[in-house]
Amino acid sequence: MEKLVIEGGQKLRGEISVSGSKNATLPVLAATLLTDKPCVIHNVPRLRDTLTMIKLLRSLGKSAVLEGDKVIVSKPTTSYVADYKLVSTMRGSFCVFGPLLAKFRQASVSLPGGCVIGIRPVDLHIKGVMGLGAKIHVESGYVHAKANKLKGTYIYLGGTFGSSVLATANVMMAATLASGVTIIDSAACEPEVVDLGNFLNAMGAEVMGHGTPQITVRGVKSLHGAEYKIGPDRIEAGTYVLMAAATKSDITIKNLNPTHIMALLHHVQEAGVSYKQKGHTVKITSRKNLKPVSLTTYPYPGFPTDLQAQFMALMATTPGVSVITEKVFPDRFIHIAELNRMGAKIRREGYSAIIEGVKSLYGAPVMASDLRASAALVIAGLAAKGRTEIHRIYHLERGYENMDEKLRGLGAKVWKEKE
Ligand code: EPZ
């Protein structure tokens, strides 16, 4: 195993380029199961999660190879059983459920179970496919779905915590090969859902309204292969914005879509960070003392839960009191303990965290636990005085392509060492 070592207190400078979106890549790769024809997906980030999804496609009969930043998928899909070994290592693999059901009229996928950010229920996924006519039974940790035929229908997909990204993805994919029209109401509006809808249409599907709360899918007989370029990773981009803010640095972030991170840019501007956007580039300037900012996470276009931990790391060294409320994954606060080990003063109160900004954090050995919590520890380590060692960095490598190299390119003193 490896650890990430950070000598803190270093200003960042220069520019980084954002990689392709992890959370768009996973459902788009899953969608290739809907056809036996070849597909080529470009701008795919080289991440643990991408490689896990490629392994899962292979276990379902596909040939899938990552060459540089493109994945070439071919050969027929021959199995509808997604086994526990792979699905349990990555909750996102559950997005093969919809395409397998559409292709075979049956699917058996291991339940994703829980993870450190909370339980990961699939009731909305099940509600959606049952609406299309599937019969469901859950047995020994697997969800089994079977349908003589899939018929288009109206589905309200809003849950206790609002819309669901991957439930929207699964129902969209299942509906592409159903007969008739499906309307998905209270659909997730995330840019990753837009990427998926665009890819499905490139395959010959008829998806409309993706990116809005109401998506319409007119079923077709079959789908053909397609070539597609994944959009930029908005969470990676937002993470680098917060690294610049926390180290009072000026950096340029390229190859992003600034409209995808407007909630973040609004809140960091409120804190005193300035930014200039031009096309697919954003220049961040963070010098003066920042002001505390309180926020609540919501489904897109609200402030993303996937940037909550990273924003908390910024507020940890911002003088004053800020409150961060988590409305998407209410238990997503595992990073509080590790930030406090670095000298932060944060306490949890129900769905909120109260952060009393301190003058400085101090480097310490810390443990990565969840992908985005690990990113928060990197931000804290960059801002802290002294050396931080982040153990179990495979969590980080699940979602950030070459973060250590990109940070060294910005002048940070960051390197990997054997545990
Ligand atoms: C996607 O997960 C992302 N993962 C997550 O990113 C992200 O945090 C999340 O969307 C929210 O934006 C991928 O795209 C691979 P949800 P997903 O269904 O789709 C509840 C990362 O760090 N819910 O939108 O699994 C759920 O418990 C990862 O990259 C139900 O109640 O999340 C949560 O409270 C972490 N029933 C809320 O909805 C369901 O059937 C939103 O979850 C499904 C979800």
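Order of listing sets the numbers, starting from 1, for every ligand and every atom in it. No hydrogens, no waters, no symmetry mates; every other heavy atom, side chains included, goes into these values.
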Report the part of Lys22 (side chain from C-beta onward, or backbone N, CA, C, O) that has a heavy atom under 4.0 Å from ligand 1; answer both or neither where that applies. side chain

To check your reading of the model: name the closest protein heavy atom to atom 31 (O) of ligand 1, its residue, and the distance in Å. Pro121 CG, 3.5 Å

Which residues pass the ring pair (Phe, Tyr, Trp, His ring centres under 6.0 Å) test with His267, not counting sequence neighbours? Phe303

Going by atom types only, do Thr305 and Arg332 share a side-chain donor-acceptor pair under 3.5 Å? yes

Heavy-atom distances under 4.0 Å decide this one: backbone, side chain, both or neither, for Asp306 against ligand 1? side chain

On a heavy-atom basis, I'd like to know which of Pro330, Gly302, Ser164 is closest to atom 44 (C) of ligand 1. Ser164

May I ask you to identify the nearest protein heavy atom to atom 38 (O) of ligand 1, giving residue, atom name and distance to one decimal place in Å? Phe161 CB, 4.1 Å

Among non-hydrogen protein atoms, atom 36 (N) of ligand 1 lies closest to Asp123 OD1, 2.7 Å

Given Leu26, Val165, Ile126, identify the one with the heavy atom nearest to atom 24 (O) of ligand 1. Val165

At less than 4.0 angstrom from any non-hydrogen atom of Arg332, what atoms of ligand 1 do you find? 8 (O), 22 (O), 35 (C)

List the steps and the verdict of ring-ring contact (aromatic ring centres under 6.0 Å, His included) for His125 and Phe97. CA-CA 9 Å; His125 301 245; Phe97 183 57; 7.3 Å; no

Kindly list each side-chain donor-acceptor pair under 3.5 angstrom involving residues 361-378, sequence neighbours excluded, with atom names and distances?
from	atom 1	to	atom 2	distance (Å)
Asp370	OD2	Arg372	N	3.4
Asp370	OD2	Ala373	N	3.1
Arg372	NH1	Tyr400	OH	3.0
Ser374	OG	Asp370	O	2.5

Whether the side chain of Thr50 engages the backbone of Pro45 through a donor-acceptor N/O pair (distance < 3.5 Å, no angle test) should be reported. yes

Please work out which of Asp370, Leu124, Val193, Thr305 has its closest non-hydrogen atom nearest to atom 11 (C) of ligand 1. Thr305

What protein heavy atom sits nearest atom 32 (O) of ligand 1, and how far off is it? Phe329 CZ, 3.8 Å

Would you mind checking which non-hydrogen protein atom is closest to atom 15 (C) of ligand 1, with the distance to 0.1 Å? Asn23 OD1, 3.3 Å

Donor-acceptor contact present, side-chain Ser74 to main-chain Pro38, <3.5 Å: no

Which heavy atom of the protein is the closest neighbour of atom 19 (O) of ligand 1, given with residue, atom name and distance? Leu166 N, 2.8 Å

Side chains of Leu12 and Met243: closer than 4.5 Å at any heavy-atom pair? yes

Compute the ring centroids of His42 and Tyr228, then answer whether they are less than 6.0 Å apart. no

For atom 29 (O) of ligand 1, tell me which residue out of Arg120, Arg398, Arg372 has the closest non-hydrogen atom. Arg372

Which ligand 1 atoms are under 4.0 Å away from a heavy-atom of Ile117? 35 (C)

For Arg341, is there an ion pair with Glu338 - N to carboxylate O distance below 4.0 angstrom? yes

Note the single closest protein heavy atom to atom 33 (C) of ligand 1, along with its residue, its atom name and the distance in Å. Val328 O, 3.3 Å

Is Glu192 in contact with ligand 1, taking contact as a heavy-atom separation below 4.0 Å? no

Sidechain-backbone polar pair: Thr168 side chain, Ala188 backbone, donor-acceptor under 3.5 Å: yes

Is a donor on one side and an acceptor on the other found under 3.5 Å between the side chain of Lys406 and the backbone of Ser17? yes

Does some non-hydrogen atom of Thr160 fall short of 4.0 Å from ligand 1? no

